[in-house]
Each structure stands twice: as C-alpha cells, then as structure tokens.
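Have a look at the structure below, then the notes.
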Protein chains: 2
Amino acid sequence: MDGGVKKPGVTSAEVARRAGVSQSAVSRTFTPGASIAPKTRAKVLAAAKELGYRPNAIARSLITNRSRMIAVVMAYLENLFYPGVLEELGRLLAKEDYRLLLFTGFMDRDSDPVFDQLMQYRVDGIVLASTSLSSELSEECAAAGIPVVLFNRTTERDAVSSVTTRNREGGRRVAEFLIAGGHKRFGYISGLESSSTNRDRFGGYQEALAAAGHTDIIVEVGNYDRAEAETAARKMLSREDRPDAIFVANDHMAVAVMDIARHELGLSIPEDLSIVGYDDVGPARWTSYGITSMSQPLKRMVEATVAILMDQIASGEIEAEHRILNGELVVRTSARLPKTGIVELDGRRIYRPGRG
Amino acid sequence: MDGGVKKPGVTSAEVARRAGVSQSAVSRTFTPGASIAPKTRAKVLAAAKELGYRPNAIARSLITNRSRMIAVVMAYLENLFYPGVLEELGRLLAKEDYRLLLFTGFMDRDSDPVFDQLMQYRVDGIVLASTSLSSELSEECAAAGIPVVLFNRTTERDAVSSVTTRNREGGRRVAEFLIAGGHKRFGYISGLESSSTNRDRFGGYQEALAAAGHTDIIVEVGNYDRAEAETAARKMLSREDRPDAIFVANDHMAVAVMDIARHELGLSIPEDLSIVGYDDVGPARWTSYGITSMSQPLKRMVEATVAILMDQIASGEIEAEHRILNGELVVRTSARLPKTGIVELDGRRIYRPGRG
DNA sequence: CATATTTTTGCATACGCATTCATTATGGCA
DNA sequence: TGCCATAATGAATGCGTATGCAAAAATATG
C-alpha cells in the first residue's frame with residue numbers, strides 16, 4: 001500500500017548513539033585489527049545486538065574499493081561437472097570471506113552483456129568457466145586491476161590466467177589405452193570446436209594414434225551438447241565401417257553416446273564398442289555407465305583458481321598465471337582392457353602404461 | 001610491488017568534466033526516465049565511451065537502498081534438479097535486471113552464518129532452495145522488508161512464501177499407478193525426514209495405499225543422498241519379503257537404487273521390481289534409466305518464484321504467498337504399466353487414471 | 001610525582017552516485 | 001514580440017561506512 005520501500009536498516013550511527021560512543025568506534029569494533037578498547041568494544045557489541053545491527057557491506061565497499069565479490073560466469077549447468085565446480089568454488093570463496101556473484105542461464109555464448117553487469121558491481125575477481133572473453137575485455141580487466149581466471153579453458157595468446165589439465169597428454173593417453181586394448185578403428189566425438197580443451201584433447205589423441213599408424217579417425221561434432229552428441233553417435237555408429245573405439249570429448253556427451261549405442265543400435269559395450277570419456281564426472285561412476293574416463297582433479301583445480309585470485313587481489317599484480325594439473329585415466333567398464341598397465345590407486349583403477 | 005590497490009575506476013564526475021556538464025547530467029543520462037536533453041545525453045555518452053565509464057552499482061545501491069541482488073541459498077548441487085533451477089533463476093532474474101548472489105557448498109545444513117552474510121549485502125530478496133530458515137530469521141526478513149521464497153519446501157506455520165508442487169497428490173498418484181500395475185509389496189525410500197516434500201510425498205503414498213488395503217510399507221531412509229540411498233536399497237532389497245514396487249522420494253536417489261537393484265542384486269526392472277521417482281530430472285530421461293517419475297514443472301516453479309519476489313519488492317508488502325503447481329506422472333520403463341490410464345501428452349506418456 | 005610513550009577516541013572527510021531544489025533555457029501561443 | 005508553461009540544468013546534499021589526524025586518556029618510565 002505504501003509503495004514498496006525497503007526499510008533502511010540500522011546504521012552504525014544509531015548503534016553509536018545507543019552505546020554512547022562515536023560512529024568511528026562502532027566501525028572499529030567491526031573492523032578486525034582496528035584500535036579499540038575491549039570495554040568500548042563490548043559496549044558497542046551489546047548495543048549492536050540490541051538493535052540488530054549488521055554492517056552494510058555496500059557502504060563498506062564504497063570506501064574500501066573492494067566488493068569482496070567474485071563473479072563466476074558459467075553459461076550452462078547441465079553438465080554435472082560445472083555444478084561440482086560451483087559448489088567447491090562456493091566453499092573455498094566463503095572460507096576466504098568472499099561472496100559469489102553468479103552469471104548463468106544466458107544462451108548466447110557471448111559474454112559481453114554479462115561483462116557490463118559484472119563490471120558495474122565492481123567485483124574483485126572473475127572466473128570464466130564456460131565462456132571466453134574477447135581480448136579487449138580481458139585487457140580492460142587487467143587495466144582495471146581485476147584478476148580473471150579462465151577455468152578449464154585457455155586462449156592462444158596467454159594474456160589471461162588459466163587453470164586447466166594436461167588435455168593433450170590426456171588425449172594421448174586415451175589413444176594409447178585404446179590401442180593397447182587392441183582396437184582398430186577409432187572415432188572421436190568432439191566438443192566445442194572453438195574450445196582449447198577440445199582442440200588439445202583431439203590433438204593428443206590424433207597424434208598418438210598417428211604414431212601407431214592410425215591416421216583415419218572418424219570425427220563427428222557434439223559441441224559438448226547432449227542432443228548433438230546423440231545425433232553424432234547415430235551418424236557415426238550407423239556407418240558400415242563404424243569404429244570399435246570412440247573417444248568422446250567429455251562424459252556428459254559420453255553418457256548420451258552410450259545410451260544411443262546400447263539401446264538404439266543394440267551394441268554391447270565394451271564387446272562391440274569401447275567408449276572413453278573425459279572429466280570423470282558423477283554419472284561416469286554410476287554402474288549403468290561405468291565410463292572409463294580421464295579425470296580432471298576438480299578440487300585441486302578450484303583450489304588453484306581461488307589461489308590465483310587471492311594472490312592477485314592481495315598483490316595487485318595481475319600478470320597471467322597458468323596452472324596445469326594432472327589427471328588420471330580411470331578405468332571402468334566402458335572400454336576393453338589392455339593386458340597390462342592397469343594399477344590400483346586409492347581404490348580406483350588407473351591406466352599407467354609403462355608402470356604395468 | 002605496490003601492495004595491491006585496485007585502480008579506482010572512472011567516476012561520473014570525471015565524465016562530467018570531460019563532457020563539459022555537471023555530474024547530475026551524467027547521472028541522469030544513465031537513469032532511465034530522467035529529464036535530460038538529447039544533445040546533452042549524446043555528449044555524455046560520448047565522453048563516457050571515451051573514458052570507459054560504467055556506473056558504479058555499489059554507489060548507486062547506497063543511494064537507492066536497492067542492491068538489485070537476489071540471494072540464492074542452495075546447500076548442494078549434486079542433484080541435477082537444482083542446477084536446472086539455478087540456470088533458470090539466472091535467466092529470469094537477469095531479464096528483470098537482477099543479479100544472483102549464490103550461497104552454496106556449506107555442508108552444515110544450518111543456514112544461519114550464511115544468513116548474516118546475505119543480510120550484510122542488503123540483498124533485495126532471498127530464495128531458499130535446499131535449506132529452511134529458523135522462524136526468528138524469517139521474521140527478521142519480514143521486518144526488514146526483504147521477501148523470502150522457499151523453493152520446493154514449506155514450513156508448518158506458513159509465515160514465509162513458498163513455491164511447491166502438489167506433493168501429497170503426487171505420492172497418491174504414484175501409489176495408484178503402482179496398485180493399478182498389479183504390485184503387491186510396496187517400499188518407500190525416503191528423502192530428508194525433516195523436509196515437507198518428503199513428508200507430503202510419503203503421506204499421499206501411504207494414504208492411497210492404505211485405501212487399497214496395503215498398510216505395510218517397507219521404509220528406508222535415503223536423506224536425498226546418493227550414498228545413503230544405495231545403502232537403503234541394499235537393505236530393502238535383500239529382505240526375504242522384498243517389495244516388488246518402490247517409490248523413491250526423488251530421481252537423484254532413484255538412479256542409485258536402480259543401479260544397486262540391477263547390477264548388485266541382479267534384479268530386472270521392471271519385471272522383478274518397479275521403481276518410481278520424483279522430479280523428472282535429466283537422468284530420469286536417459287534411456288539407461290527411463291525412470292517413471294512425477295514431474296515438477298521447473299520452469300513454472302522458477303517463474304512463480306521470481307514473480308513473487310518482483311511483486312513483493314515492488315509493493316513493499318511481504319505477506320506470505322503460496323504457489324502450488326501441478327506435476328504429471330511421466331511414464332517410462334522403470335515400472336510395470338497398468339492396463340489403462342496412460343495417455344499421450346505433447347510427446348510424453350502420462351498416467352491419468354479415470355481418463356481412460 | 002612528573003614526564004614520555006602508547007593506546008584509544010572523536011571529528012571530519014571522502015567514497016560515487018541519485019535526487020531535491022532553485023535557476024535558467026526552450027518552446028508554444030496569442 | 002511578449003508572456004507563460006515546460007523542460008533542462010547545476011549546486012548542494014546525503015546514503016553508511018572507513019580512515020587520517022589531532023586530542024585525550026591510559027600506561028610506562030625515570
């Protein structure tokens with residue numbers, strides 16, 4: 001009825017009056033490390049509690065020029081890998097006393113309008129998890145002193161920090177594993193062709209296959225999308241010379257490929273067809289799928305991401321830093337096993353050729 | 001080297017000087033509906049572009065007493081239903097020009113420390129998706145004029161707004177479906193026993209079963225957790241009088257139950273055992289599972305949530321509002337089919353008893 | 001006890017912007 | 001052209017807090 005005014009909330013001045021001290025004293029009470037006498041502090045805390053006072057983070061940000069918010073840009077969350085990342089990010093950022101401003105659910109892959117928003121909120125750092133950033137924008141961030149971390153992505157010119165795994169080595173290992181398993185015809189269902197992860201995974205795969213004399217890889221595009229992966233699988237598997245081994249660029253698509261292979265085309269996995277995925281995400285571990293998959297160490301990746309952010313926020317230096325972590329090929333039931341090279345490692349079966 | 005100072009960024013005063021106008025004019029240029037001459041506006045926009053000016057949302061919030069941020073509290077994201085909610089929330093909130101401050105990844109189900117944070121940031125609204133709120137806290141929100149919406153949850157005393165589906169009717173329908181399918185022994189794997197959804201789903205199930213003379217339901221607790229659901233399934237299915245029909249309180253657990261039943265205990269689904277889930281989440285549709293499941297209309301639920309928030313923000317009135325939506329029992333392959341009652345509805349098979 | 005040193009305190013100011021108010025420019029109409 | 005209504009403008013102020021500075025209080029030292 002009164003037209004929508006949010007009640008203004010208790011201010012530090014009101015608390016000060018109540019406690020019989022100055023506004024400064026109230027501020028100092030809530031500023032760790034500030035000079036304040038214990039008894040004054042106690043008075044202030046009492047008054048604050050009575051009035052239900054909470055420091056206004058907005059006003060604080062205006063003074064300190066720090067919002068204590070990190071923007072996380074994640075275009076889609078359908079692939080469970082990303083919710084996992086989000087959850088871990090939330091955990092670690094909270095531990096560092098940072099809040100998480102999430103940008104998701106925009107279909108156009110263009111992050112520029114989102115970028116405007118996040119700059120207006122003066123975030124202290126940016127994590128880009130499923131989008132890249134045009135080079136002008138990343139330069140603008142650098143100029144503004146805002147650290148940016150590309151998560152699970154890199155750019156050619158490595159001007160912006162990134163956290164990735166050894167995708168090329170991963171692709172190579174997948175190839176070695178499949179070759180050792182005695183496969184003859186190799187397929188690849190690709191992710192987004194513009195993404196660095198996809199290029200690297202395919203590059204390593206292709207390279208190792210070529211080294212073993214296999215130069216004819218059957219490729220279809222899945223764009224990291226479930227529906228497109230289904231289409232790609234149908235196409236690839238209804239060929240006469242269909243592959244007996246497929247490397248799918250991530251588990252999210254691999255699940256779809258397995259469903260199509262088994263239930264639409266009646267193929268047995270791994271007897272008729274071996275499938276290897278990437279990420280080692282939740283569903284890969286579910287026994288219905290049991291996907292043999294290159295793992296990405298999610299927790300350590302997120303740790304590295306937060307470490308880079310905190311470091312650059314603290315130092316003010318924002319030279320690009322690149323953290324590249326190792327994964328393992330986790331062996332399950334979706335692909336035929338090589339005779340050697342499989343070892344047990346804290347409860348998981350891992351493929352490590354040469355250790356075998 | 002210089003100890004970490006984020007560059008202050010361009011201010012409206014600088015733009016004003018550059019454009020040869022007052023700071024007020026700059027402000028009015030970026031305030032929709034403000035009184036500003038087209039040519040002045042053009043000058044300002046030009047200067048702003050040159051300098052790379054973006055209005056400081058923090059400073060604006062301080063004046064307007066609106067942060068244009070909505071806090072979303074979501075303890076865990078492992079169940080794909082919630083990432084879906086998050087994505088849709090992000091989409092709709094962006095459309096309303098609101099940002100999403102996410103709180104996730106805290107394991108203790110207690111949301112109170114989180115609550116402190118979110119109040120400090122003076123969010124304009126709160127969505128609680130996997131946590132409840134102590135009654136004092138919800139009263140504090142009401143007093144502060146901050147709308148709160150419980151998503152997929154309710155409290156007994158309905159003092160705080162909520163968006164849910166007809167869980168009781170859903171449970172009832174599942175029971176009717178399983179009875180019509182000729183099942184004899186009924187099991188239930190429960191969600192969090194303290195949650196309203198779980199109570200309602202079980203209540204309806206129990207009620208309809210009792211009406212048909214089945215009063216002995218075998219119950220195990222899964223707490224909406226995958227691992228616990230696995231344990232529950234093992235226990236329930238290794239009994240001598242194991243059920244031939246299980247209602248699992250959500251799909252996230254139903255997937256685990258199916259895996260255990262099939263691959264650990266060698267049961268055929270639906271020949272030996274029928275399974276019905278809840279949510280109609282992604283994996284339920286994957287052909288490996290094909291879970292017959294009560295759907296929750298995610299998009300409409302999120303729509304309702306945002307509508308309630310926008311409404312209460314605009315009006316300033318925050319009397320609790322309850323939106324209860326309808327789901328459908330989507331029939332797939334995880335449960336034996338009744339002879340009648342299955343109809344086709346925009347490409348899905350739906351169970352509607354009495355509709356023939 | 002006087003003096004030097006340290007700790008604590010309040011005053012005043014600034015952060016970047018929106019908004020009120022008084023003033024000036026603009027356009028409409030006779 | 002002159003007069004009035006309206007639009008546009010700038011100066012000033014305040015949102016809630018942190019912080020530099022100087023004054024005051026507390027403590028240590030001789």
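Here the structure is a predicted model, which is why all the values come from computation and not from measurement. By convention in this document, chain letters (A, B, ...) are assigned in the order of the sequence lines, proteins followed by strands, and residues within each chain are numbered from 1.
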Atom-pair distance ([atom1] on [X]; [atom2] on [N]), nearest Å:
X: A/R66; N: D/dT17; atom1: CZ; atom2: P; value: 20 Å
X: A/F30; N: D/dA18; atom1: CZ; atom2: C1'; value: 14 Å
X: A/R17; N: C/dG10; atom1: CZ; atom2: C1'; value: 16 Å
X: B/L62; N: D/dG16; atom1: CG; atom2: P; value: 7 Å
X: B/M119; N: D/dG16; atom1: CE; atom2: P; value: 15 Å
X: A/K39; N: C/dT7; atom1: NZ; atom2: P; value: 17 Å
X: A/N65; N: C/dC15; atom1: CG; atom2: P; value: 11 Å
X: A/R68; N: D/dA18; atom1: CZ; atom2: C1'; value: 14 Å

Checklist entry - Donor-acceptor pair under 3.5 Å: do we get one between B/R122's side chain and the base of D/dG16? => result no
Item to check | Side-chain donor/acceptor contact of B/S24 with base of C/dT19 under 3.5 Å | outcome: yes
Among [options], which nucleotide sits nearest the side chain of [X]?
X: A/R28; options: C/dC11, D/dA8, C/dC17; answer: C/dC11
X: B/T40; options: C/dC17, D/dT9, D/dG16; answer: D/dT9
X: B/A37; options: D/dT9, D/dG16, C/dG10; answer: D/dT9
X: B/S22; options: D/dT17, D/dA11, D/dA7; answer: D/dA11
X: A/I63; options: C/dT9, C/dG10, D/dG16; answer: D/dG16
X: B/Q23; options: D/dT19, D/dT17, C/dA18; answer: C/dA18
X: A/S35; options: C/dT9, D/dA8, D/dA18; answer: C/dT9

Checklist entry - Base, sugar-phosphate, or nothing: which does A/I36 touch, judged by heavy atoms less than 4.0 Å apart? => result sugar-phosphate
Checklist entry - Reckon B/V21 touches a base, only the sugar-phosphate, or nothing at all at heavy-atom distances under 4.0 Å? => result sugar-phosphate
Checklist entry - Mapping B/A59 and B/R41 onto DNA chain D by nearest heavy atom, which one lands closer to the 5' end? => result B/R41
Checklist outcome for this item: Taking for A/S12 and for B/G20 the nucleotide of DNA chain D with the nearest heavy atom, the one nearer the 5' end belongs to B/G20
Checklist outcome for this item: Minimal heavy-atom distance between B/Y121 and A/S67, with the atoms involved, is OH-O, 2.7 Å
Checklist entry - Which atom names give the shortest non-hydrogen contact between A/I313 and A/P147, and what distance separates them? => result CG1-CG, 3.8 Å
Checklist entry - Quick one: are A/I58 and A/S61 in side-chain contact, heavy atoms under 4.5 Å? => result no
Checklist entry - How about B/L298 and B/V85: do any of their side-chain heavy atoms sit closer than 4.5 Å? => result yes
Below 4.0 Å: OP1/OP2 of [N] and any side-chain N or O of [X]:
X: A/T11; N: D/dG16; answer: no
X: B/R60; N: C/dC17; answer: no
X: B/Y53; N: C/dC17; answer: yes

Item to check | Candidates B/F115, B/F151, B/F106 - the one meeting side chain to side chain contact (heavy atoms under 4.5 Å, CB included) with B/V73 | outcome: B/F106
Checklist entry - Using the benzene-type ring in the case of Trp, are the ring centres of B/F30 and B/Y53 under 6.0 Å apart? => result yes
